[in-house]
There are 2 protein chains.
Amino acid sequence: MATGRTHRPATRSRGIPEATVARLPLYLRALTALSERSVPTVSSEELATAAGVNSAKLRKDFSYLGSYGTRGVGYDVEYLVYQISRELGLTQDWPVVIVGIGNLGAALANYGGFASRGFRVAALIDADPAQTGKMVAGLPVRHTDELEDIVEHNQVSIGVIATPAGAAQEVCDRLVAAGVTSILNFAPTVLSVPDGVDVRKVDLSIELQILAFHEQRKAGEDLGEAVAAARDTLPKAVAEPVTEPARRPGPDGDVPAVMPA
Amino acid sequence: MATGRTHRPATRSRGIPEATVARLPLYLRALTALSERSVPTVSSEELATAAGVNSAKLRKDFSYLGSYGTRGVGYDVEYLVYQISRELGLTQDWPVVIVGIGNLGAALANYGGFASRGFRVAALIDADPAQTGKMVAGLPVRHTDELEDIVEHNQVSIGVIATPAGAAQEVCDRLVAAGVTSILNFAPTVLSVPDGVDVRKVDLSIELQILAFHEQRKAGEDLGEAVAAARDTLPKAVAEPVTEPARRPGPDGDVPAVMPA
DNA sequence: CCATCTTTGTGCACGCGTTCACAAAGACAT
DNA sequence: ATGTCTTTGTGAACGCGTGCACAAAGATGG
């Protein structure tokens, strides 16, 4: 997911697999739900079901953290919550800035899941002077001019980009220059960052496109494979597209690629 | 990512790897950008850079679709845009419903990336009667009571869930019962669905937690590994947590797990 | 103290995805 | 037409992640 070069093959001190790290938040959520219900211990089987994964996978994941279970009993919920939180770095406070306070930025600012997990929204930043000073989620929107000051003053190391695609790279560069070393990118662009900076991206339309792919395939199967078979025997590339290459510009600074079937 | 059982090992007619499918939207975006600039052809090297991937990977990905390139020249941009669009199913119209019109739901409704790629927002649905009739992104918010009617009448097969965690499973069940077979879930819950239904989830706080993990590791390395080494020699599990298991309830229907270090 | 039963932790095998490296294919110049 | 040069398409090797299956560990009861 990240754009930064190789994903730290060097100095992997404890060597927790990336796939495992990605699942830890899942386990943590399931565990906190159990903790809320005052459940003292849980077996790998139960917890796996709650987290939506395989129990063997879960046990192997936990084995990378250490031996925190008790054979014949299961895992101590409270203790495991603490261990995973610590491993993920959630026992400390992470100031975060959100850049681009449009619909999405505002939604992110209001999202409870951040504050509740150690992430503190330090500031909301937008380039539009008309937005400056407006209150969103209890915080005043501040102008992009202040970006560097805000990042440095608050020791911000994590930045969230929710700007239009066109502005994302510049914002990214400025964040990195100011000291941010982790970026969560919602803009539909590939960001290039120097080594040592992590980028994760979330693209809403990509997820939908993947769903559409599977949906199309389901429909094709229902039709008895005939359509798919016909498609397979399409003529090979003929330099110029046979069908009309009609395109219309999109409203998000990104260009769509939809052709009438 | 999906919760549904094994990810269709059977009837894989054309057998495009899941990882490749996930990258096709990336290529498509890069290609449409080139198309906008009227670039006629592009080499795998250039396109790979634009999409942020390895050129060998890109070529292998395209090889699953067919031989659409010309050796010594590269790929015809327009033709490739068309082929990928067709493969992803973007040449057809996909009516989509968004359930849960809070901050996030409204942001999604306004997101241009949907409409521009063949996804048509058929309706916005919310459980709050006070919201009913309100205009969001040019569409009236409709009440949950109408969910089944809307889905069936508009032949909706893709649903987006942006409700609080507590309501997600029920909404999901109703969507599925009404005929939806693909779900994009933004609620922080594991959804259980019958076989044949695809679920993809996007969890904003999970992404941040993964970043925090890497960020913490970076900081640890800067401190000369000493801290990390000290952590490694922690006493083993002692039935009861040594440190305080303090917890405070979170505002998002989900419980946080943050302990003061 | 011993037997039984439950559940963890992990060795092992398998499959998918990634990357390398190169032969084949075509463009282009002469 | 022939040779050179560029770029694709892919065989093969490698590494990571997953899941099975089981031995070891501990709880529990007699």
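So that the names make sense, note that chain A is the first sequence line, chain B the second, and so on, each numbered from 1.
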Between [X] ([atom1]) and [N] ([atom2]), how many Å, whole number?
X       : N      : atom1 : atom2 : answer
A:Glu45 : D:dA21 : CD    : C1'   : 14 Å
A:Glu18 : C:dT18 : CD    : P     : 14 Å
B:Tyr64 : D:dT10 : OH    : P     : 10 Å
B:Arg59 : C:dA21 : CZ    : C1'   : 10 Å
A:Leu47 : C:dT7  : CG    : P     : 14 Å
A:Leu65 : C:dG9  : CG    : P     : 10 Å
B:Leu80 : D:dT8  : CG    : P     : 11 Å
A:Leu58 : D:dG19 : CG    : P     : 12 Å

Task: 5' priority, DNA chain C, between A:Val42 and B:Ala19 [closest heavy atom] - done: A:Val42
TODO: Would you confirm whether B:Trp94, through its side chain, and B:Ser157, through its main-chain N or O, come within 3.5 Å as a donor-acceptor pair?
DONE: no
- [ ] Kindly say whether A:Ser43 contributes a backbone atom to a donor-acceptor pair with the side chain of A:Glu46 at under 3.5 angstrom?
- [x] yes
- [ ] Kindly determine whether B:Ser63 and B:Arg59 satisfy side chain to side chain contact (heavy atoms under 4.5 Å, CB included), including the steps that lead there.
- [x] CA-CA 6 Å; B:Ser63 79; B:Arg59 286 199 300 276; over 6 Å; no
TODO: When you get a sec, tell me which of D:dT10, C:dG9, C:dT19 is the closest nucleotide to the side chain of A:Ser63?
DONE: C:dG9
- [ ] Tell me whether the OP1 or OP2 atom of D:dT18 has a side-chain N or O from A:Arg23 closer than 4.0 Å.
- [x] yes
- [ ] Verify the contact: side-chain N or O of B:Tyr75 to OP1 or OP2 of D:dG9, cut-off strictly under 4.0 Å; return yes or no.
- [x] yes
What are the atom names and distances for every N/O pair under 3.5 Å that joins the protein to nucleotides 12-14 of chain C?
{"unit_1": "C:dC12", "atom_1": "N4", "unit_2": "A:Lys60", "atom_2": "NZ", "d": "3.2"}

Does one side chain, of [X] or [Y], offer a donor that lies under 3.5 Å from an acceptor on the other?
X        : Y        : value
A:Gln83  : A:Tyr79  : yes
B:Asp61  : B:Thr20  : yes
B:Glu215 : A:Thr181 : yes
A:Arg86  : A:Thr91  : no
B:Thr49  : B:Glu45  : no

Open item on the list: Please list all pairs meeting ring-ring contact (aromatic ring centres under 6.0 Å, His included) that have one or both residues in residues 42-62 of chain A, counting only residues at least two apart or in different chains.
Closed with: A:Tyr27-A:Phe62, A:Phe62-A:Tyr75
Produce the list of close N/O pairs, under 3.5 Å, pairing protein atoms with atoms of nucleotides 25-30 of chain C; give distances to one decimal.
{"unit_1": "C:dA25", "atom_1": "O4'", "unit_2": "B:Arg71", "atom_2": "NE", "d": "3.4"}

